[in-house]
Protein chains: 2
Amino acid sequence: MSEDTVTVGEAARLTGVSAKMIRWYEARGLLPPAPRSASGYRRYGEAEIRTLHFVRRARDLGFDVEAIAELLALWSDRDRPSAAVKAIARTRIAELRRRITALEGMARSLERLAADCCGDERPDCPILDDLSAGEAPPPSPGKTVRRRIGMG
Amino acid sequence: MSEDTVTVGEAARLTGVSAKMIRWYEARGLLPPAPRSASGYRRYGEAEIRTLHFVRRARDLGFDVEAIAELLALWSDRDRPSAAVKAIARTRIAELRRRITALEGMARSLERLAADCCGDERPDCPILDDLSAGEAPPPSPGKTVRRRIGMG
DNA sequence: CCTTGACCTTCCCACGGTGGGAAGGTCCAT
DNA sequence: ATGGACCTTCCCACCGTGGGAAGGTCAAGG
């Protein structure tokens, strides 16, 4: 009769975090080592399940393991300043916005190109034209000395 | 004597694709094996450089290796139907939009939460409240008595 | 009691892309 | 000939996730 503890598989079902991921989070130090039964099985009580829910939710919001670890630490710190939490959130928001902007740029470029492509059986295609014509400027000029190349 | 061919490093500088990535693309079959000099150095001519530019540009547009391989195949097929290219582009656009929507959702949620967080010295924080989904605070270290664990 | 099957444990491998670095060979200018 | 910038291959790491092997455990049914 399980006291009020469950196994990883059950915890996974309850929280939506896969058993594999639960073990992985534990190994990475994101979660404290789960208590073990006499035979070595991990056992999860209500507190652990709550933590797993927290992790799941944070993951859904795009936080990476490191940020989640910080959030967990703040969560369990009754004297935390909410400013610390807010700072983490803001960092994540900035990162999300950065990535969104990048993806938006790609999507818009592609949409423009696709709109100009008649998309029939003929080979003429502005998409391929763009990909081949795009003289992408080398991002950084490199500090290394440029010398003539040549070899036998 | 060099024909007008360059080494990987030079090709990397010219195209913005790192030497490491050029070798990796070749190993993955995205690029045909580069011609080698007598001593085994990869040599890149104008055609190869053009291909690398193409790859770079496609990568910038968010295509993954597989899609780039298909695009390269179509690029070198003079009888391609532009519809095939357009289909690939549309797939990529859909994927980009999907990811953008997901990230947007996260960003908006976080922004709302952050806006509600006063961000001062006090511990009250709607962000943590949301993450814990209205559940009670975490196990205070050493306070909560661990339930009996036993396989039963 | 013993078998069966679901579950657990750890360990290794893979993915996409990218970078770091080691060990060793090559090229070229001085 | 020396130095160092470059090349080669090979292995390892990251993130987050899954697959699977080899072996132990638990609960239920015959």
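First the proteins, then the strands, lettered A, B, ... as listed; each starts at 1.
- Atoms OH (Tyr41(A)) and C1' (dC7(C)) sit 6 Å apart, rounded to a whole Å.
- Contact between the side-chain N/O atoms of Arg28(A) and the OP1/OP2 oxygens of dC15(D) is found at a separation under 4.0 Å.
- Ion pairing of Arg97(A) with Glu104(A) is absent here, as no side-chain N (NZ or NE/NH1/NH2) approaches a carboxylate O to less than 4.0 Å.
- Phosphate contact (OP1/OP2 of dT17(D), side-chain N/O of Ser18(A), threshold under 4.0 Å): absent.
- Distances shown here put every side-chain N or O of Arg42(B) at or beyond 4.0 Å from the OP1 or OP2 atom of dC7(D).
- Between Arg36(B) atom CZ and dC7(D) atom P there is a gap of 12 Å when expressed in whole angstrom units.
- When heavy atoms are screened at a 4.0 angstrom cut-off, Arg23(B) is found touching base atoms of the nucleic acid.
- Residues Tyr44(B) and Leu31(B) form no side-chain contact, since every pair of their non-hydrogen atoms from C-beta on lies 4.5 Å or further apart.
- Which of dT17(D), dG20(D), dC7(D) sits closest to the side chain of Thr7(B) comes down to dC7(D).
- In the interface, the side chain of Tyr25(B) is not paired with the base of dG17(C) through any donor and acceptor atom under 3.5 Å apart.
- Straight-line distance from the CZ atom of Arg43(B) to the C1' atom of dT26(C): 12 Å, rounded to whole Å.
- Between the P atom of dC10(D) and the CD atom of Glu26(B) lies a distance of 12 Å, rounded to the nearest Å.
- When the C1' atom of dT9(C) is taken as reference, atom CD1 of Ile22(A) falls 14 Å away, rounded to whole Å.
- Counting to the nearest Å, the P atom of dG16(D) and the CZ atom of Arg99(B) are 15 Å from each other.
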### Query
Run the side chain to side chain contact (heavy atoms under 4.5 Å, CB included) check on Val17(A) and Tyr25(A) step by step: do they pass?
CA-CA 10 Å; Val17(A) 183; Tyr25(A) 288 150; 3.7 Å; yes
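- Between Trp24(B) atom CH2 and dT8(D) atom P there is a gap of 18 Å when expressed in whole angstrom units.
- Atom CG of Leu31(A) is separated from atom P of dG16(D) by 13 Å (rounded to the nearest Å).
- The existence of a salt bridge linking Arg13(A) and Glu10(A) is confirmed by a sub-4.0 Å separation between a basic side-chain nitrogen and an acidic carboxylate oxygen.
- In the set dG17(C), dG16(C), dG21(C), dG21(C) carries the atom at the smallest distance from any side-chain atom of Lys20(B).
- Here Asp124(B) does not pair with Arg122(B) in a salt bridge; the nearest charged N to carboxylate O distance is not below 4.0 Å.
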